[in-house]
Amino acid sequence: MKIFNTLSSQKEEFLPQGSEVRMYVCGITPYSDSHLGHAMSYVLFDAIRRYLQFRGYRVKYVQNITDIDDKIIDRAARLGISAHELAGRYTDAFFEDMKALNVLPADVYPRATEEIPKMLEIIQGLVDKGYAYPAESGVYFRVRNVPDYGKLSNRTIESMEAGIRIESGEEKEHPMDFVLWKAAKPGEPSWASPWGPGRPGWHIECSAMSVRYLGETIDIHGGGQDLIFPHHENEIAQSESFTGKKPFARYWMHNGLLQLGEEKMSKSLGNLITIRQSLEKNTADAIRIFVLGSYYRSPLTYSEEVMEAAERGAERLRQAVRDETMGTGMEKDAALIDVESFRRRFIEVMDDDFGTAQAVATLFDLAREINRERDAGHNAVQARVALSELARVLGLTLKPPERPFLVAEPFIELLIATRRELREAKQWQLADNIRSKLAEVGVLLEDTSKGTIWKAKR
RNA sequence: GGCGACGUAGCCAAGUGGUUAAGGCGGCGGUCUGCAAAACCGCUAUUCACCGGUUCGAAUCCGGUCGUCGCCUCCA
């Protein structure tokens, strides 16, 4: 298996340290609803995790929740609630979104506010070793003591100095130094520390959680490309300085960013589509096909049209696995489909840095084979089982979408029965009328050899 | 300005030195159907932004030009 490692800028053979893959993916800051950019990242890493398990690895997956930061504090103050309450609310919403997207839960979701002791331990260690220094406004990391600072984002301290503006009142020894511990301002939530009451800086939590739950060297560290600098660069600097062990993470994986129109979809720009908005119009399978239909390191542009295409594709796969359309008198599997070759192809493309786009294409090809056999009167059971199984590795359920007409179902069935009688009496006009009227209210009928089936139009 | 990514059919998107350039959506024609839908079959890029170069051979490597995007500040 090969993985593109941001650290080396090339594909490397994946060799985990042990039988259990230790994986850390940067999580959210819960101050508003999560958007499709988040969905992209977490769907991807979910697929990676599922694939590693499919290949026989045990995986320990940790994802942090940054439940204290400037934006949470600001937003909570404006709403007149506590930062804790606000963060809790959006963390719950995030979990709901993930569940709806069929993202498997992480093994641990550590929250920043619950990991303060470990952070203080690391900060103290960094101070003791001379990698950090306290000042009035907080404790800072001394970037110049790290000779290889910039190795992940491919930049040097010198090259960055040019564009840096030094703000007045800065207490930092060097403009690139970053804060580990922020001294509390009046009215802000704070925790006691040897340097006075305060709260953690942004990067320290990931180091603390990573080390605590996964050890000093982890296998895979993932996140969006927007985190490469400064977040992951600083994580490396502080973690490796603290533990004295390199590398902090053996494989750094970064997904490309979701674009909306001409720009990146992001909270700060405000041009976003939330996961729940998207789920109102599209199924989770469609969103996953949209995300996994291209190479994860490339940027992906959202549009209604592309989502619609993904939805139709999802429907096509569902059609192939469902058995309502299979006749009862069909021959069972004449072993006409070489299921193993599809499985091999799936593994081959996924082994090459998680080629999900080609994996999805493999699913479509298998679906076509299944449909072809069905048309020829063969019930390709094994192939359909394989399609479901491989789809599940990508987190696709291929289950029919929820039918939103629960109460109306008996009436729909009644209309279908009436229409059947009309068709038997060759009252085509009336029968067609029922079909088109139902279509107008979002119920699509299909007359198959086994009878009429219906589905809800999304 | 520095670092990085990218430009493949109407749209999305694989492929990164050598058989007919994956797959999805859309479109057109056909099969099936009372008609549809779904499904299947066929067609839909002699060509991979442009210009040079290397090579027996390049979408794939090198140089240049044009264009798009990201990061360098909070962000998946």
Side-chain angles (χ1 to χ4, degrees), chain A residues 6 9 25-29 31 34-45 63 66 69-71 150 153-156 158-165 176 202 222-231 233 254-259 262-269 272 289-290 293-295 297-303 305-317 319-320 322 324-325 345 349 352 355-365 367-376 423 426-429 431-432 435-436 439 444-449 452-455:
Chain A
T6 306
S9 297
V25 175
C26 282
I28 54 152
T29 301
Y31 65 89
S34 299
H35 58 73
L36 282 177
H38 299 110
M40 179 184 178
S41 194
Y42 301 129
V43 162
L44 166 71
F45 286 107
Q63 187 174 118
T66 306
D69 99 315
D70 291 350
K71 285 187 173 131
S153 55
N154 215 342
R155 49 190 91 188
T156 60
E158 295 69 46
S159 73
M160 287 182 281
E161 277 172 340
I164 294 292
R165 57 158 192 246
M176 297 310 297
W202 176 32
Q225 281 173 351
D226 51 354
L227 297 182
I228 294 172
F229 190 90
H231 185 52
E233 195 70 69
H254 293 98
N255 61 277
L257 302 176
L258 188 66
Q259 312 281 127
E262 302 293 287
E263 285 173 308
K264 177 177 77 162
M265 184 180 288
S266 84
K267 287 192 195 178
S268 44
L269 291 170
L272 49 80
I289 287 173
F290 166 65
S294 63
Y295 184 42
R297 297 205 309 121
S298 304
L300 183 59
T301 304
Y302 175 89
S303 72
E305 295 71 41
V306 174
M307 272 307 306
E308 183 57 31
E311 191 66 63
R312 286 172 193 267
E315 187 52 34
R316 193 174 153 74
L317 295 179
Q319 194 79 23
R322 78 176 177 181
E324 288 96 285
T325 51
R345 184 174 143 204
V349 298
D352 185 11
T356 55
Q358 297 150 82
V360 170
T362 303
L363 262 37
F364 280 111
D365 284 341
R368 169 169 286 117
E369 287 292 311
I370 291 167
N371 289 331
R372 193 180 286 162
E373 287 307 308
R374 190 201 55 198
D375 283 1
R423 291 182 69 217
K426 302 212 187 296
Q427 297 285 326
W428 307 124
Q429 190 101 38
D432 290 353
R435 183 173 61 197
S436 60
L444 305 178
L445 300 191
E446 291 179 22
D447 298 325
T448 75
S449 58
T452 300
I453 58 175
W454 69 276
K455 58 188 179 187

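So that the names make sense, note that chain A is the first sequence line, chain B the second, and so on, each numbered from 1.
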Say we look at [N] and [M]: how far apart would their [atom1] atoms be, to the nearest angstrom?
| N | M | atom1 | answer |
| --- | --- | --- | --- |
| B/C51 | B/A39 | P | 41 Å |
| B/C6 | B/G42 | C1' | 35 Å |
| B/G52 | B/C12 | P | 28 Å |
| B/G15 | B/C48 | C1' | 11 Å |
| B/U16 | B/G23 | P | 16 Å |
| B/G29 | B/G34 | C1' | 22 Å |
| B/U46 | B/A9 | C1' | 13 Å |
| B/G30 | B/A14 | C1' | 29 Å |

Measure [atom1]/[X] against [atom2]/[N] and give the value in whole Å, please.
| X | N | atom1 | atom2 | result |
| --- | --- | --- | --- | --- |
| A/Met176 | B/C71 | CE | C1' | 12 Å |
| A/Gln429 | B/A36 | CD | P | 14 Å |
| A/Arg372 | B/A39 | CZ | C1' | 11 Å |
| A/Phe364 | B/G23 | CZ | P | 11 Å |
| A/Glu305 | B/C25 | CD | C1' | 11 Å |
| A/Glu158 | B/C3 | CD | P | 14 Å |
| A/Asp70 | B/C74 | CG | P | 10 Å |
| A/Phe229 | B/C71 | CZ | P | 13 Å |

Describe the nucleic acid contact of [X] in one word from base, sugar-phosphate, nothing, applying a heavy-atom distance below 4.0 Å.
| X | result |
| --- | --- |
| A/Asn154 | sugar-phosphate |
| A/Ala361 | base |
| A/Tyr42 | sugar-phosphate |
| A/Phe45 | nothing |
| A/Gly37 | base |
| A/Leu258 | base |
| A/Leu257 | base |
| A/Ser153 | sugar-phosphate |
| A/Asp447 | base |
| A/Arg316 | sugar-phosphate |
| A/Gly27 | sugar-phosphate |
| A/Leu445 | base |

With respect to the side chain of [X], which nucleotide from [options] is positioned closest?
| X | options | value |
| --- | --- | --- |
| A/Asp375 | B/A76, B/C35, B/C40 | B/C40 |
| A/Leu227 | B/A76, B/C25, B/C71 | B/A76 |
| A/Ala357 | B/G24, B/A14, B/C74 | B/A14 |
| A/Gln358 | B/A13, B/A36, B/A22 | B/A22 |
| A/Met265 | B/A76, B/C25, B/A39 | B/A76 |
| A/Ser294 | B/A39, B/A13, B/G34 | B/A13 |

Hey, is the side chain of [X] poking within less than 4.0 Å of OP1 or OP2 on [N], counting only N and O atoms?
| X | N | value |
| --- | --- | --- |
| A/Asn255 | B/A76 | no |
| A/Arg368 | B/A39 | no |
| A/Arg345 | B/A22 | no |

May I ask whether A/Trp428 stacks on the base of B/G34, given the cut-offs of 5.5 Å between ring centres and 30° between planes? yes
Using side-chain heavy atoms (C-beta onward) and a distance below 4.5 Å, is [X] in contact with [Y]?
| X | Y | value |
| --- | --- | --- |
| A/Arg368 | A/Arg316 | yes |
| A/Val306 | A/Leu300 | no |
| A/Asp447 | A/Arg435 | yes |
| A/Phe45 | A/Gln63 | no |

Check this for me, if you would: do A/Glu315 and A/Lys455 make a salt bridge, where the nitrogen-to-carboxylate-oxygen distance has to be below 4.0 angstrom? yes
So does A/Glu369 pair up with A/Arg372, basic N to acidic O under 4.0 Å? yes
Is there a Watson-Crick or G-U wobble partner for [N] with both distances under 3.5 Å, and if so, which one is it?
| N | value |
| --- | --- |
| B/C28 | B/G42 |
| B/A13 | none |
| B/G57 | none |
| B/A49 | B/U65 |

If each of A/Ser303 and A/Asp69 is mapped to the nucleotide of RNA chain B with the nearest heavy atom, which maps nearer the 5' terminus, i.e. the 5' end? A/Ser303
A/Gly224 or A/Thr362, whichever maps to the more 5' nucleotide of RNA chain B: A/Thr362
Check whether A/Gln358 reaches the backbone of A/Val349 with its side chain - one donor and one acceptor, N or O, closer than 3.5 Å. no
So, for A/Ser294 and A/Thr356, which heavy atoms are closest and what is the spacing to 0.1 Å? O-OG1, 3.5 Å
Measure the spacing between CG of A/Asp365 and CD1 of A/Ile370 and express it to the nearest 0.5 Å. 11.0 Å
Do the side chain of A/Arg435 and the base of B/C35 come within less than 3.5 angstrom through a donor-acceptor pair of N or O atoms? yes
